[in-house]
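Lettering follows sequence order; numbering is per chain, from 1.
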Protein chains: 2
Amino acid sequence: MAQTQKHGPPASTRNAILDAAEKIFIERGFSDTSMSKIAKAARVTKSLIHHHFGSKEQLWAEIKKRRFHEYFSVQKEQLAAADAGIESFKTCIINLFNVLRDDPEVVRLISWHLLDRAQTERHEDEKELTAMGHAKLLEGQELGYLRNDIDTRYMLISFFCLVFHWFMSKHEYLKWVGIEPDSITADDEYLENMLKIFFQGVLPR
Amino acid sequence: MAQTQKHGPPASTRNAILDAAEKIFIERGFSDTSMSKIAKAARVTKSLIHHHFGSKEQLWAEIKKRRFHEYFSVQKEQLAAADAGIESFKTCIINLFNVLRDDPEVVRLISWHLLDRAQTERHEDEKELTAMGHAKLLEGQELGYLRNDIDTRYMLISFFCLVFHWFMSKHEYLKWVGIEPDSITADDEYLENMLKIFFQGVLPR
DNA sequence: TAGTTGACTGGTCGATCGGTCAATCTTAGT
DNA sequence: ACTAAGATTGACCGATCGACCAGTCAACTA
């Protein structure tokens with residue numbers, strides 16, 4: 001049942017608009033994006049965008065919803081596929097890291113979202129992923145391969161910080177510490193060192 | 001030599017504009033802030049702002065420069081005041097955390113800055129603070145209270161992530177994990193757990 | 001075939017954008 | 001008192017903003 005509506009192919013047009021808008025929104029943010037630019041990029045008239053999505057705000061919400069849902073689904077999927085044990089746990093974490101590495105756009109989108117004061121969206125996908133991650137950590141504590149004197153909720157948040165903020169600001173930080181910002185090995189190097197810290201800490205054993 | 005220029009009090013007016021603009025810029029970002037709003041908030045005319053600062057971009061740059069310089073100076077100062085040893089190191093880190101906790105505006109300003117594609121600013125203050133932090137970590141390695149199999153540059157970045165991203169997104173994350181977002185104890189709880197992870201890691205000893 | 005629906009367009013609205021300019025006010029230096 | 005310089009104003013510019021409108025056209029229904 002790919003596209004069987006009457007009249008022209010509205011679904012493809014809708015998607016064309018969504019794709020073009022997403023690109024610009026992610027690059028420039030909500031306020032710095034104009035309907036005209038989107039229309040031009042999508043090869044459509046402004047009016048048509050309003051016809052399909054109502055307002056600029058609704059289009060923005062639609063894009064966030066679509067992209068977030070896709071991202072959190074992927075993360076949930078790979079998290080659900082992991083079985084118990086410390087090794088699976090480590091693989092799981094690396095996978096989570098790699099998903100974000102391969103999707104710089106969603107990083108940027110979330111960054112815009114975090115600065116957005118008027119958040120009207122639901123948080124179902126986010127909460128589900130968080131719940132799954134949280135359960136994973138509790139499992140680790142029960143199986144004994146994770147310390148049980150650390151609040152798993154803050155353990156989860158700490159991990160989010162370590163992963164997400166890296167992709168948000170690595171370009172800036174690499175400049176600060178004197179590493180070529182476009183170094184292709186930086187991600188791996190950071191991952192390696194970050195995992196050492198996350199698992200064993202910075203103090204010698 | 002406080003304000004000894006001829007003609008009216010331009011310095012105070014300049015600061016009034018800067019203060020008003022800073023407030024709005026930090027709250028809404030560059031694109032969503034208009035010169036009219038700034039003028040209204042500062043109780044001056046738009047023309048006067050252009051007279052003092054030239055363009056909207058220059059005003060934005062001036063605000064970032066001023067606020068960043070102040071922030072990094074504070075951090076550098078408290079970092080320089082610390083003497084060697086693991087205990088001073090820990091205090092140092094906590095102080096760094098607290099400075100950001102007491103200045104949510106600079107967190108937001110840096111967030112906008114990170115999303116800004118056209119960064120024309122110098123990075124002198126940032127690089128200096130980074131260099132000092134880096135030296136501190138190297139000192140820790142030499143004195144033996146920090147692992148020397150971790151690249152200090154990435155150790156520093158990891159720490160930045162743990163601190164900065166918390167203040168950027170704690171409101172969102174706390175909702176996800178089911179903690180009251182406006183909890184006044186959350187900062188302390190996060191700090192405690194985060195330090196455990198940063199120093200000893202999540203694996204049991 | 002007549003009628004209905006929805007995709008789609010061009011034109012236009014009032015508001016607001018950042019920015020300029022000439023004129024005026026205020027004050028310091030002489 | 002006079003003047004030069006800087007502070008400050010209000011009117012105004014062209015451009016662009018998001019949104020709306022009437023109308024066209026193609027496809028589906030009865």
Could you check how far [atom1] of [X] sits from [atom2] of [N], rounded to whole Å?
| X | N | atom1 | atom2 | result |
| --- | --- | --- | --- | --- |
| L48(B) | dC25(C) | CG | C1' | 13 Å |
| H51(B) | dC25(C) | NE2 | C1' | 13 Å |
| I17(B) | dA7(D) | CD1 | P | 10 Å |
| H50(B) | dA7(D) | NE2 | C1' | 16 Å |

Would [X] and [Y] pass as an ion pair if we require N to O under 4.0 Å?
| X | Y | answer |
| --- | --- | --- |
| R66(A) | E22(A) | yes |
| D182(B) | K170(B) | no |
| K65(A) | E121(A) | no |
| R108(B) | E105(B) | no |
| R14(B) | E62(B) | yes |
| D151(A) | K196(B) | no |

Per-nt protein contacts along nucleotides 10-15 of chain C (heavy atom under 4.0 Å; B base, S backbone sugar-phosphate only, - none) come out as BB----
Residues H165(B), F160(B); criterion ring-ring contact (aromatic ring centres under 6.0 Å, His included); working and verdict | CA-CA 8 Å; H165(B) 195 63; F160(B) 284 165; over 10 Å; no
Can you sort out which residues in residues 20-44 of chain B have a heavy atom within less than 4.0 Å of DNA chain D? Ascending by number, please.
-> V44(B)
Output the residues of residues 52-66 of chain A in contact with DNA chain D, where contact means a heavy atom of the residue under 4.0 Å from an atom of the strand; sort by number or write none.
-> S55(A), K56(A), E57(A)
For the rings on F97(A) and F167(A), is their centre-to-centre separation under 6.0 Å?
->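 For F97(A) and F167(A), the ring centres are under 6.0 Å apart.
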Please find out if less than 6.0 Å separates the ring center of F25(B) from that of W60(B).
-> yes
Whether over 12 other heavy atoms sit under 6.0 Å from E77(B) CD | no
